[in-house]
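Only one structure is covered here, and it is reproduced in the block below.
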Number of protein chains: 2
Amino acid sequence: MITMQRGPQPADFADVRATNLAVVLRYVRGHAPCSRAEIAAATGLNKATVSSLVADLIDRRLLRETGLTEHRIGRPATMLVLDGSPYAAIGIEVNADYLTAVAIDLAGQQVLSWRRSFAGLASSPAQAATAIAALGRRAVNRVLKEERRVLGLTIGVPGLVDPDGVVIMAPNLGWHDVNLRDIVNRALGEPGFPVAVDNDANLAVLAESRYGEFAGAQNLVYLTGEVGIGAGIISDGRPLRGHRGFPGEIGHLTVDPQGPPCGCGRRGCLEAIAGISAIIARVLPEVAGDGDITDLQPEVDEVVRRARGNDPAALRALDEVGRALGIGVAILANLLDPEVVVLGGYFVPLAPWLLPAVEAELRDRRIGPEQGGARVSASILDHGAAATGGAATVLDHVDAGRLPRL
Amino acid sequence: MITMQRGPQPADFADVRATNLAVVLRYVRGHAPCSRAEIAAATGLNKATVSSLVADLIDRRLLRETGLTEHRIGRPATMLVLDGSPYAAIGIEVNADYLTAVAIDLAGQQVLSWRRSFAGLASSPAQAATAIAALGRRAVNRVLKEERRVLGLTIGVPGLVDPDGVVIMAPNLGWHDVNLRDIVNRALGEPGFPVAVDNDANLAVLAESRYGEFAGAQNLVYLTGEVGIGAGIISDGRPLRGHRGFPGEIGHLTVDPQGPPCGCGRRGCLEAIAGISAIIARVLPEVAGDGDITDLQPEVDEVVRRARGNDPAALRALDEVGRALGIGVAILANLLDPEVVVLGGYFVPLAPWLLPAVEAELRDRRIGPEQGGARVSASILDHGAAATGGAATVLDHVDAGRLPRL
DNA sequence: TTAGTTCGTCTTTCGACTAAACAAACTAAC
DNA sequence: GTTAGTTTGTTTAGTCGAAAGACGAACTAA
């Protein structure tokens, strides 16, 4: 069945072809190696049609025949596999303290993963864009050197991003109304591929739904565990966008009206209790938080060390944090009914001590039938999740039938 | 562009035809009266194609030519209008204290709206299904008497409903694992149209997005104001379904840990404060709630009377309820970024006294740029919203290209 | 009356899928 | 070693639906 976005949007033969090319491509992605006959049987397409589609995809170097045949009765099949190598997509993740660049090929293989430090707050948007563009250009050149075509570049930013690539607001970078897409596009000298900008949580959750532990989940929520806490939401396989493009703002949920003060002026917000700075302040009271955002990894490592050493104060603090987080997770679970809520960022190393409390709170607050319900899990993708997700958005266009032209 | 649901789902000519029929149908729905040439120009379809599509739609009596022509230079156009009259869809809403039946024709005109009292908790599921089926049959007969074909019947239930029409759990009706669709189907004697069951909030929000004050909004949330409180969510123009089909469970959000006890065993849940029974108990303490759910309209009327008479206790109570509601609305607004949060059910008559507090709380808790943000509004559809939405889901199938066969 | 404009249909062409026949390549069994 | 049976993938003919453009119809303006 064909569904339509909004508005009058007629279909023609080209759409049928694109749809069916995508069907074959995705089938092979999921079932490689497989034969033409198998594709025809599974998809319901005619064998002749599949042959024609496969020929087209081989022409575009998206599929490849392998000599492999299964030794069964009858004529042996020529097996097909995805050939991701001629194309790659690039994702870049901007954070307060570092940049990450990731490139993945059409088969989903990571072909490049770089991290470089970056002084987000200390840079003007123009300087930052220059740094981002420089990293992007280096990634592009690397990809080109490997004889791959670049299909697109998507940049993840921790803040509110509008659909045209304008960063409306990014507090941890100190940005307001920065048209990052245009700036990077110009800095790259109008490259032959599309540049996009999106919210980092949106991209991270996309990465989770593709390459995470629960890859393939059509409904999942990702909680960023950085200084702030945001949620990325995949609903029915697609990112939830909202009216203005700013969903997932859960950081200032009031968890405990008598809790610690938050930067927003209220008390007991989720991120004032479970944000990484708050966790560090709670577990390591002697490390006076001076509010300056630097790389927090050393402090997080120290928190992990104390927890591992069964330091009672640390364990108690992490349990309390886990309970607060559990309240937020339970709200997400009841409101959105995801298959899983994935904890990301700095929550990952702390997960062994957070998860029991989170799960207890969730069990306690879960509505609905006894069986089933949302699970909670720590991400297995580490900090590059948003960058990987950025690259994945580019590949999604191909999977949806917009094949690169020959 | 053709988008695909999950999995291999090839497209063929029939899909192209269905898509384009739907494009024309929806264009006429939005721009009637209009000519074939106008449709062709606006949609990009060829004039000949439009003629063919229109002929098909006229054959199925979905469109009608009017004699009206615009008197401009050139050959006058034959204008087309939607002809909803030959078909109607029926929606039935089940509540703890009443049933509502609504029928709307393809043009969106309400052709029938009935309400009858109903003792939800006092009836066994079988008895209830009999009552529902009886109401459905009467509605079907009325529609048939008007020479309309029934396209489908959708039943809205306040509870968790799985995609096969099984009511997993409906606390306010006392139901568990009731296959309502099958029961009603059988009670109707296997009618020639599809019977579906869905959550009432899902259906109500659909009605809001079609026929409410904010008709056309692609992102909106509806809060049911009955004994329980649930949220229906439209995201990107489509209902949010979740993994198991049970999203929108916001009723047991903890608003005030020291608040009144809730049926779920916790204290201060949103619906223990802002559910209609809670409101009545708070404003009319002398009306001893005996837990028996009957038609609450008289009590609600009395609450309205007192508020209108500026009874200080009533005003204070409603302000407190409004604040609690505002906390819930703010969470929804920040998490989902809707264009508007619509209050439904018994909230509607109370809206003049609830909204100020809700809006104040929302303003206070809103994250994001100063300009914009979600609005709050009382529904103009009143109690039949879920029933109307049920009928609307049926019509959506037609709008999506599944035309009734000749 | 004539020129100009717009509408909607008709005819042809083209692209994409389907159905069915068929050749190719293999296994199994006698 | 031959033959029957099975499966693969291509070929050929056929169908369907949209696009393109010509064309007649119906009107206004001059």
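Chain identifiers are assigned alphabetically (A, B, ...) following the order of the sequence lines, protein sequences preceding nucleic acid strands; residue numbering begins at 1 within each chain.
Between Leu21(B) and Ser35(A), the residue whose closest nucleotide on DNA chain D is further toward the 5' end is Ser35(A).
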Would you sort out whether Val205(A) and Leu220(A) count as a side chain to side chain contact (heavy atoms under 4.5 Å, CB included), showing the intermediate values? CA-CA 7 Å; Val205(A) 72; Leu220(A) 55 78; 3.0 Å; yes

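Asp12(B) and Val16(A) get closest at one heavy-atom pair: O-CG2, 4.0 Å.
Arg36(B) places its CZ atom 14 Å from the C1' atom of dA25(D), with the value rounded to the nearest Å. A straight line from CG of Asp15(B) to C1' of dG17(D) spans 12 Å, rounded to a whole angstrom. Rounded to an integer number of Å, the gap from Arg17(B) CZ to dT15(D) P is 18 Å. In this structure, Lys47(A) places its NZ atom 16 Å from P of dT12(D), rounding to the nearest Å.
Using a 4.0 Å heavy-atom criterion, one finds that Ser52(A) contacts no nucleic acid atom at all. Across all strands, Ala48(B) comes closer than 4.0 Å to base atoms (heavy-atom distances).
Of all nucleotides in DNA chain C having an atom under 4.0 Å from a heavy atom of chain A, the first and last in 5' to 3' order are dG15(C) to dT27(C).
Just one residue in the list Leu153(B), Leu151(B), Val394(B) forms a side chain to side chain contact (heavy atoms under 4.5 Å, CB included) with Phe193(B), and that residue is Leu153(B). For the pairing with Arg36(A), the side chain to side chain contact (heavy atoms under 4.5 Å, CB included) check across Met79(A), Lys47(A), Glu65(A) returns one residue only, Glu65(A).
If you check dT10(D), dG17(D), dA18(D) against the side chain of Phe13(B), the one that comes closest is dG17(D).
Taking 4.0 angstrom as the limit, Asn20(B) places none of its side-chain polar atoms (N or O) nearer than this to OP1 or OP2 of dG17(D).
With sequence neighbours excluded, the residues that form a side-chain hydrogen bond (donor to acceptor under 3.5 Å, both in side chains) with Asp182(B) are Asn179(B).
Counting atom types as modelled, Asp12(A) pairs no side-chain N or O with a base atom of dA18(D) as donor and acceptor under 3.5 Å.
In this model, no donor atom of one side chain and acceptor atom of the other lie less than 3.5 Å apart for Arg26(A) and Thr43(A).
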